[in-house]
2 protein chains.
Amino acid sequence: MTWTRNPEPPGGERRGYHHGNLREALLAAALSLIAEKGPAGFTIAEAARLAGVSPAAPYRHFRDAEALLAEVALRGFERFELALSRAWNNGAADPVRAFEALGRAYLTFARQEPAYYAAMFEARIDRAGYSALEAAGDRAFGVLREASERLASSLPRERRPPSLMVALHVWALAHGIATLFVRPDPSRRKLPMSAEDLLEAGVLVYLQSLGLAGGSAFGPPPRAT
Amino acid sequence: MTWTRNPEPPGGERRGYHHGNLREALLAAALSLIAEKGPAGFTIAEAARLAGVSPAAPYRHFRDAEALLAEVALRGFERFELALSRAWNNGAADPVRAFEALGRAYLTFARQEPAYYAAMFEARIDRAGYSALEAAGDRAFGVLREASERLASSLPRERRPPSLMVALHVWALAHGIATLFVRPDPSRRKLPMSAEDLLEAGVLVYLQSLGLAGGSAFGPPPRAT
DNA sequence: ATGTCATGTGAACAGGTTTTACATCACGGC
DNA sequence: GCCGTGATGTAAAACCTGTTCACATGACAT
């Protein structure tokens, strides 16, 4: 790995023959192109044009377009993990509230970083060829996994659900809502409520059934008290 | 030897200058290309090659690649609606069981028709330009919407959840599981259980909380009786 | 100063898209 | 039966992008 020392030119003008920080410039260009036209709309040639270099220059830094996308996705997973960790905050105060915050952070990330989210989940990258990417994805999921574990551990063993299952359910629900309703996609559907509220309601209903959250806004099955 | 004619006529014979059924042949070619390389990997030129015609011929039938994809997605939604309807079967017998069957049908479709599913949900088609596509998508969702309504109507009004919300939750959960774990994608993750079981468990937990299903495998909160 | 190597250029080739002019054929009026 | 017309397919061309190659540049160590 190269640690480039050249600070980025604040003015943005060319430095002469060598760019100075082309790798980062390409990643930034890829991000804005993905945000604009999706992972499939991104091309190496256009990223090179945005960076102000010839179409062949990017190949000095990335083997091909997929490698560049994989790097974007990798960084996305790292930011994602950080955002989820901060929201979860180790379950500080009320674990259920922290869990809700985790869910909201999921959608907030999808909403505020659509390019990263698309690179992470929509670009069809062969994970086998990018083990670092797979590991980063696993670490991000690990935050949700651990939060589920903590939630479940608040119950007595005999009523404790498999925390992996809980994590998978919540992840799938959040991802489904993100892809169907949050992405700034022309195919997005309209929703009668915010995606965040939809997710929060869904998670509350789900957790309530497991005995992990209090009553929701909708009628629970009849119970004493 | 530029584009050799493909002497493979499954249902339509070679007809000399004119293909005879090029529109359908292109749709079939698009399906197999999407299945192989995703919606982004599909090109008009390759579809034309598969159909045994010149690269310009498809433009007699589709304005551009997006129009062809939109037609594939439209047919996909029609098949999808049919599959969901059959599974729901108007809620015959037990509505909860029918609802489960609906969920399984969702994943079965995603598993058995990955090309259609990708065209429907992964190809970034501007729905505004294809109102028929949008309508077909709404009809498919309508099946889930109506099933949720039927389920909810089994409860007394004061404990009845908003059926649209239930439909959105179940749809998002099913879609999330489908995109994360079912698609034959190189980025697919491994799962400790079948996607169908994961969805069924999730829906059961969810419905139980609303008072719409009996006890799940995991301990519900303590209640009277 | 000098050699070396990472980095960028320019040219070349392959393929995809889309348009235009033309070729072929199916079909219906006569 | 003949023929004209529109639908469908071809060929060619102009224009993209991806990718590779030989070569140019200059940052840096010696």
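Numbers restart at 1 for each chain; the letters A, B, ... are given by sequence-line order, proteins then strands. None of these values were measured; they are calculated from a predicted model.
Straight-line distance from the NZ atom of B:Lys37 to the P atom of C:dG16: 8 Å, rounded to whole Å. Here the P atom of nucleotide C:dG16 and the CG atom of B:Leu50 are 11 Å apart, to the nearest Å. For the pair A:Arg60 CZ and D:dT20 C1', the computed distance is 10 Å after rounding to whole Å. Here the P atom of nucleotide D:dC23 and the OH atom of A:Tyr59 are 21 Å apart, to the nearest Å. Taking atom CG of residue B:Asp64 and atom C1' of nucleotide C:dT19, one finds them 14 Å apart after rounding to whole Å. Rounded to an integer number of Å, the gap from B:Phe42 CZ to C:dG16 P is 12 Å. The distance between atom CZ of B:Arg23 and atom C1' of D:dG9, rounded to the nearest whole Å, is 16 Å. In this structure, the CD1 atom of B:Ile44 is 6 Å from the P atom of C:dT18, given to the nearest Å.
Using a 4.5 Å heavy-atom cutoff, the side chains of A:Phe141 and A:Glu81 are not in contact. Side-chain contact check for B:Arg111 versus B:Arg183: every heavy-atom pair is 4.5 Å or farther apart. Put simply, the side chain of B:Ile125 reaches to within 4.5 Å of the side chain of B:Tyr130, judged on heavy atoms.
Taking every side-chain heavy atom of A:Ala56 into account, D:dT20 is the closest of D:dT19, D:dT10, D:dT20. In this structure, the nucleotide among D:dG9, C:dT9, D:dT19 sitting nearest to the side chain of B:Leu22 is D:dG9. Taking the side chain of A:Arg49 as heavy atoms from C-beta on, and the options D:dT17, D:dG9, C:dT17, the nearest nucleotide is D:dT17.
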(message) Test side-chain contact (heavy atoms from CB on, under 4.5 Å) on A:Ser148 and A:Val170; report intermediate values, then the result.
(response) CA-CA 9 Å; A:Ser148 300; A:Val170 173; 5.5 Å; no
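Residue A:Ala45 is in sugar-phosphate contact alone, with no base atom involved, counting any heavy-atom pair closer than 4.0 Å across all strands shown.
Contact between the side-chain N/O atoms of A:Thr43 and the OP1/OP2 oxygens of D:dG18 is found at a separation under 4.0 Å. Within the structure, every side-chain polar atom (N or O) of A:His61 is placed at least 4.0 Å from both OP1 and OP2 of C:dA6.
Checked against B:Leu198 for a side chain to side chain contact (heavy atoms under 4.5 Å, CB included), the options B:Leu191, B:Val203, B:Leu107 give a single hit: B:Leu191.
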